[in-house]
Structures are given as C-alpha cells and as structure tokens.
Amino acid sequence: MWRDVFDRNAYGTNCWLLAADGSEDAVVVDLGFEPQRVRALLDGAGKRAAAVLLTHAHLDHAEAAGGFAGDDVPVYVHEADAVAFTDPERWNPGFANPLAEVKDLRTIAGGDVLEFAGFRIEVQHTPGHTPGHCCFGTDAFVLSGDLVFAGSIGRSDFPNSSPTDMERSLRRFLELPDELPVWPGHGPETSVGRERATNPFLRGLV
C-alpha cells in the first residue's frame, strides 16, 4: 500500500492519501487545505486522484475539496453533511465554515461500499461530532475522522452535534477488531485495541 499524509496546517488536520499496491489511482480523505501541495504529493508518487472522501464537512476537513477536485474528481460526503455545501446556515455548525464550491458532490450513506484505488471501502455512519460524520473502513484500516483520536475523542458540543449520537458511534467503534489500525483526522495513528485499553473517554463504554 502507498500512503502519505498532509498535516501541515494550523488545525493539524490529517489529509490522507491512499492507494493499494499496483494502483495508479489514489483516494484523498479530508482535504481541508493547500490543494496544490496535496496534488504535488500525488504527482511525486505517480498517482492520480480518483475521488475525495470527506469524513465530515467542517472546514478543516473539507474547505479545499472543491478547489482540488475541479471538474474531474468526485467528492463524497454523507447526505446529512452535504447540506454544509448548499445551506450552511441550516447545517448550523456554530462558527464560520466557508467551503469551496464542489462541482461533482456525491452523497453517501451508512452501509455504502465505495471502490477506489484498489480498495473496497465501507461507509460507517458515525454521527455525533456532526450529523453526517462517517468513518471509512477496510479490512486493513479505519479512517476515524473526528470520532476517535489517539487518547481522545471528537467534540460533541457544537450546535449541530449530538452527545447521544456520539456515544452510540463510539460504542460502534469499539465493536471493531482490536488489531485494526486507526488513522484519525488529527494526531498520530493508533489502533482500536490501544484506544480500548488506554483512551479515558472510552473506558466507561467498554
């Protein structure tokens, strides 16, 4: 597998770039900043973007997706967060959330399976941080967005957040195999087992 991450931004957001062995295509996950630098990473590896996946529509994960995608690359986001692109006041994150226009915005739902860059990616709807927050899972890893970080979890106190949904989503996360690598939206990678054993925000849910 080819993997790179762009995290040089004020929010420390991880933009993941992934391709299975033998694939010239790559999938880009959570493109919040500096699309030219992300494209340079792909070009340097001889990869072309097949799709942009967004775990959710907060600006630090999604602002630059439209500028990167242009006319040719589809951008996928859960239907409940797609509203952020069309009616941000109704989505109501509680702060300014400017997003570049996306020309080919496609909505996804929990249980969908996406096939890009040699991967079979399951959409896991994990609301709480935002109404449409999703994790993206394969047999080899899970991209947890702002659900779970190494030693912490995402916030659920924004106007369009739900602590109740967040707890339900965290319990679902804990159903994943311990050995599964977790690549979060911020900070270092971890694993389900490590978070189950050491994350103080998950101990009461185990």
Side-chain angles (χ1 to χ4, degrees), residues 1-9 11-21 26-33 38 41 51-58 60-62 65 76-78 81 108-156 161-163 165-206:
M1 182 194 314
W2 174 79
R3 184 187 75 164
D4 207 339
V5 61
F6 178 74
D7 62 358
R8 294 179 291 280
N9 56 78
Y11 293 81
T13 305
N14 293 327
C15 174
W16 296 98
L17 294 75
L18 307 168
D21 288 339
V27 61
V28 179
V29 181
D30 284 356
L31 212 167
F33 302 97
V38 172
L41 292 174
V52 175
L53 308 184
L54 302 178
T55 61
H56 61 294
H58 281 158
D60 58 316
H61 293 256
Y76 292 80
V77 67
H78 190 274
D81 275 19
I108 53 179
D112 287 353
V113 175
L114 308 174
E115 296 190 11
F116 299 114
F119 297 114
R120 188 174 185 274
I121 302 169
E122 180 187 356
V123 178
Q124 303 165 2
H125 184 210
T126 49
H129 184 64
T130 68
H133 187 284
C134 290
C135 296
F136 299 116
T138 74
D139 291 338
F141 59 83
V142 62
L143 295 149
S144 63
D146 283 8
L147 178 66
V148 173
F149 313 122
S152 189
I153 62 173
R155 291 175 58 178
S156 59
S161 297
S162 168
D165 286 347
M166 189 70 167
E167 180 176 334
R168 188 178 299 117
S169 294
L170 292 169
R171 291 185 184 277
R172 182 178 181 189
F173 171 85
L174 290 169
E175 296 173 359
L176 297 171
D178 279 353
E179 65 273 14
L180 194 67
V182 177
W183 300 343
H186 302 266
E189 63 186 275
T190 182
S191 70
V192 174
R194 184 180 304 161
E195 297 314 302
R196 186 193 312 278
T198 65
N199 191 318
F201 296 95
L202 299 180
R203 286 177 184 162
L205 304 178
V206 174

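For the single chain, residues carry numbers from 1 onward in sequence order. Excluded from the calculations below are hydrogen atoms, water molecules and symmetry mates; all remaining heavy atoms, backbone and side chain alike, are included.
In plain terms, the two heavy atoms of Val148 and Leu170 that are nearest each other are CG2-CD2, 3.6 Å. In terms of heavy atoms, Val192 sits closest to Leu176 at CG1-O, 3.5 Å. Scanning both residues, Gly187 and Pro184, for their nearest heavy atoms gives O-CG, 3.9 Å. Here the shortest heavy-atom pairing between Cys135 and Val142 reads CB-CG2, 4.1 Å. The shortest heavy-atom contact between Gly132 and Asp81 is N-OD1, 2.7 Å.
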Can you list the steps and then say if His129 with His58 is a ring-ring contact (aromatic ring centres under 6.0 Å, His included)? CA-CA 10 Å; His129 184 64; His58 281 158; 4.8 Å; yes

Pair Tyr76-Phe136, ring-ring contact (aromatic ring centres under 6.0 Å, His included): steps then yes or no: CA-CA 11 Å; Tyr76 292 80; Phe136 299 116; 9.1 Å; no

What do the steps show when you test His125 against His133 for side-chain hydrogen bond (donor to acceptor under 3.5 Å, both in side chains), and what is the final call? CA-CA 6 Å; His125 184 210; His133 187 284; over 6 Å; no

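Using a 4.0 Å cut-off between charged nitrogen and carboxylate oxygen, Glu189 and Arg194 do not count as a salt-bridge pair. The pair Arg171-Glu167 counts as a salt bridge, with a side-chain nitrogen and a carboxylate oxygen less than 4.0 angstrom apart.
Of the possible donor and acceptor atoms, one in the side chain of His186 sits under 3.5 Å from a partner among the backbone N and O of Tyr11. Of the possible donor and acceptor atoms, none in the side chain of Asn199 sits under 3.5 Å from a partner among the backbone N and O of Ala150.
Surrounding CZ of Arg8 are more than 12 heavy atoms belonging to other residues, nucleotides or ligands, all under 6.0 Å away.
Phe141 places none of its side-chain heavy atoms less than 4.5 Å from the side chain of Arg3.
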